[in-house]
Amino acid sequence: MSPIASAQPQPVARTVLPDPLYYLANFRRVIQRVYERYDDLLSTEERDFYRRLQLLNGDAQALYVRLLTRKGPLFRTSKLRYQEIADQPQAIAGLVAQQLVTQPSEINLLDAFPLFTKQEWLGLLPDAAAQRLAKPALVPLLQNLTEPVQAIIEQQDESLIQLESSEHFATFCLLYFSNGRQDLTEFVLRDLGVYRFENYSLARATRVFTHREQIDKMLCYYRLRDALDDLASLSREEILALSLQLPTMTSPHHQDKCRGDTLVHRRTERLRLRLARQLERLEAWQDALALYRQCQQQPSRERQVRILYRLAQHQAALQLCQQMFDSLSEAEQTFARQFQPKLLKALGQTVTKPAPPVLNEVQLFLTAGDSPNVELAVAQSLSVNGDCFYVENTLFLCIFCLAFWDAIFADVPGAFSNEFQTGPHDLYEEDFANRRSQHFKHGWQKLASWRRAPDELLQFADQKRGIATPFHMGFMPAPELLKLAITRISLHHWQIIFERLLRDLKENRNGLPDLIYFPDEGGYELVEVKGPGDRLQKNQLRWLRYFAEHHIPCQVAYVQWQ
């Protein structure tokens, strides 16, 4: 067994896509699946879009998909060359007939300008001095001409078409993926073997959106998100105007509408936090405070406390800090514990800080040797008397994922909307575990069973190897590491660690120690490694204090090179 193991996943073998029309098959799958699941929630225009698509032949459908994936909406027909489309003129005619593309009679110069090269535009400018200008500098000269766009179209014997109804396809993509991040390339990555995904249920009864209002507000969210690409350039007034456009759900946790509502609510809160943070940077303190007060997501309360302190509203800040002590979030609790003395001092009060748990800290003087990597150098020094693995966050997250696999991929309403998800939409919601309580009960039982029969864990890990999850993209620790971990770490310690993970999966999935050490005499120890000048991060410190509080063996190794 190798005493040192890296946590880096291995590359996945790739295959070649044999069908030149693979993109058309993927497009049809999206359109058909959405219509089957959401036909009752589609608008009249969207249903008509679906109907018109069905009237196209294969060539026309293929060309439409190609146009959707290119920068548009204007295209030169002479530049559309696809070998797999047998009759392109006929395909264009079919799209025109169904009004999926149009042949515009009037075209703005600025819209058409990128479609033609500098040399092509120079053909309309007799002045030789124009040759020395950069292409963008030609625009003012062309604007002095009468109908320059029509002239260049005639000169190049060209025709232009304009893509239509792309916004309807964007809605179909939203309903298929339930986000604005994924698109048709997900099919390609899967077919190339880059990723594998679990086979979970995608029944109509468990769809994410249950009301049209949710779809419209999610579309509104993505429009606003795109408008914030250049947030730093916006004024206070512009930011406040955008904040008024943020979608709001009448009841984000209403039993009948919680699937899509919660998704919209969570994403909208992220935008509201971004707007509030920018208002802070503009020193619009009251405006930022008002926006933060509309948010439940972190770090809303932390930012409120900081603003109230800046405004000398110390009593209000202290009251909010005291509320944060009751939070489920350790990050909020830690902030409140650290910031409270500053507020008490400002109010003329004193406070006695509780002594933090004592960490097990050691100084190591090592020679870099063959590896300048500080973690691997410590692992190498420890492997003299046992087995040491460089695992960082991967080991505990992988075994957590394996133990609660059935819970993570459970058939829960609104959890999955497409076959390319690494995990459910509600993974980081407070009620994630409660909605799957029976599955988690079985997971705890499975963990206990694996300690008695570790080969069962190895067999299950082998079955799931290569499948992407929220905690690793198909990577799985080596079998010898899994076996040592499940047998050496007590069930009680597994429970303690996993309970903290479940309190706040998003926050606590990071910050776990770098190494795990299995001494020859038995047991285990976690090791956080810090090189010269490196300091413990907040999330690491929270884990280390938690370990000290629960007597989980862990040390911080501060390394000095010699």
Side-chain angles (χ1 to χ4, degrees), residues 179-181 213 216-253 261-349 428-430 504 506-507 537-539:
N179 60 62
R181 172 178 48 83
E213 177 193 24
D216 291 335
K217 294 194 172 182
M218 187 66 88
L219 290 168
C220 173
Y221 158 79
Y222 281 111
R223 285 193 297 271
L224 289 174
R225 189 195 65 172
D226 293 342
L228 299 187
D229 284 345
D230 196 17
L231 180 58
S233 68
L234 301 182
S235 66
R236 167 186 172 271
E237 291 72 23
E238 289 170 325
I239 293 173
L240 291 175
L242 282 172
S243 71
L244 295 176
Q245 299 176 45
L246 290 173
T248 56
M249 305 310 293
T250 54
S251 177
H253 298 292
D261 286 10
T262 302
L263 205 61
V264 175
H265 183 72
R266 184 169 66 245
R267 293 178 185 176
T268 301
E269 288 231 316
R270 289 203 292 264
L271 281 190
R272 190 172 282 113
L273 286 172
R274 286 183 61 194
L275 292 173
R277 191 72 182 94
Q278 185 60 25
L279 287 170
E280 274 194 85
R281 296 186 182 101
L282 296 174
E283 299 186 358
W285 310 116
Q286 294 294 348
D287 296 321
L289 197 59
L291 274 187
Y292 281 132
R293 283 171 173 161
Q294 298 175 41
C295 298
Q296 285 77 49
Q297 281 189 25
Q298 296 182 53
S300 169
R301 291 200 289 193
E302 175 184 335
R303 301 312 309 174
Q304 290 178 59
V305 168
R306 293 185 182 278
I307 292 174
L308 290 169
Y309 177 77
R310 179 181 284 273
L311 297 176
Q313 297 180 31
H314 301 128
Q315 190 61 48
L318 182 61
Q319 291 175 355
L320 194 52
C321 259
Q322 290 168 342
Q323 293 175 23
M324 294 171 74
F325 281 120
D326 298 326
S327 171
L328 294 175
S329 165
E330 289 184 38
E332 280 202 330
Q333 293 174 8
T334 300
F335 167 78
R337 184 168 52 249
Q338 293 173 344
F339 207 86
Q340 187 187 53
K342 185 184 292 190
L343 294 170
L344 292 172
K345 182 179 179 180
L347 290 166
Q349 304 177 32
Y428 299 127
E429 292 297 308
E430 290 182 8
D504 190 339
K506 187 173 185 179
E507 181 69 29
Q537 303 299 311
K538 290 181 180 179
N539 56 359

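Values below: all heavy atoms of this structure, side chains included; hydrogens, waters and symmetry mates excluded.
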With sequence neighbours left out, write down each residue that passes side chain to side chain contact (heavy atoms under 4.5 Å, CB included) with Gln338, or none if nothing qualifies. Thr334
For a quick test of reading the model, state the closest non-hydrogen atom pair linking Arg266 to Gln297 and the distance between them. O-NE2, 2.7 Å
Supply the atom-to-atom distance Glu213 CD to Asp261 CG, rounded to the nearest 0.5 angstrom. 6.5 Å
Once salt bridge (charged side-chain N to carboxylate O under 4.0 Å, His left out) is applied, what residue pairs with a partner in residues 315-330 remain, sequence neighbours excluded? Glu330-Arg500, Glu330-Arg503
All N/O donor-acceptor pairs, side-chain side in residues 309-322, below 3.5 Å, sequence neighbours left out:
none

Which pairs pass salt bridge (charged side-chain N to carboxylate O under 4.0 Å, His left out) with one or both residues in residues 285-298, sequence neighbours excluded? Arg236-Asp287
Please report, to 0.1 Å, the donor-acceptor pairs under 3.5 Å made by any side chain of residues 223-230, with sequence neighbours excluded.
| from | atom 1 | to | atom 2 | distance (Å) |
| --- | --- | --- | --- | --- |
| Asp230 | OD2 | Ser233 | OG | 2.9 |

Qualifying residues under side chain to side chain contact (heavy atoms under 4.5 Å, CB included), relative to Lys345, sequence neighbours excluded: none
Residues passing the side chain to side chain contact (heavy atoms under 4.5 Å, CB included) test with Asn539, sequence neighbours excluded, are Asn510, Gln537, Arg542
In this structure, CG of Leu231 is separated from CG of Leu275 (nearest 0.5 Å) by 6.0 Å
Decide yes or no on side-chain contact (heavy atoms from CB on, under 4.5 Å) for Leu271 and Tyr221, but give the supporting numbers first. CA-CA 8 Å; Leu271 281 190; Tyr221 158 79; 3.4 Å; yes
Of the non-hydrogen atoms in Leu234 and Leu282, which two are nearest, and what is the gap between them? O-CD1, 4.0 Å
Is there side-chain contact between Tyr428 and Glu507, with heavy atoms separated by less than 4.5 Å? no
Supply the atom-to-atom distance Leu242 CG to Gln278 CD, rounded to the nearest 0.5 angstrom. 11.5 Å
Residues 294-308 vs salt bridge (charged side-chain N to carboxylate O under 4.0 Å, His left out), sequence neighbours excluded, gives Glu280-Arg303, Arg301-Glu332, Glu302-Arg306
Within 6.0 angstrom of Gln349 CD, more than 12 heavy atoms from elsewhere: yes
Output all residues satisfying side-chain hydrogen bond (donor to acceptor under 3.5 Å, both in side chains) with Gln294, sequence neighbours left out; order by chain, then residue number. Arg272
Can you name the residues that form a side-chain hydrogen bond (donor to acceptor under 3.5 Å, both in side chains) with Gln323, not counting sequence neighbours? none
Between Lys538 (side chain only) and Ala331 (backbone N and O only), is there a donor and an acceptor less than 3.5 Å apart? no
For Gln304, give me all partners under side-chain hydrogen bond (donor to acceptor under 3.5 Å, both in side chains), at least two apart in sequence or on another chain. Ser300
Ser329 meets the side-chain hydrogen bond (donor to acceptor under 3.5 Å, both in side chains) criterion, sequence neighbours left out, with Gln298
Asn179 versus Arg267, closest heavy-atom pair with distance: CA-NH1, 3.4 Å
Please walk me through it: do Leu273 and Leu291 pass side-chain contact (heavy atoms from CB on, under 4.5 Å)? CA-CA 7 Å; Leu273 286 172; Leu291 274 187; over 6 Å; no
If I compare all heavy atoms of Leu240 with all of Leu279, which pair ends up nearest, and what's the gap? CD2-CD1, 4.1 Å
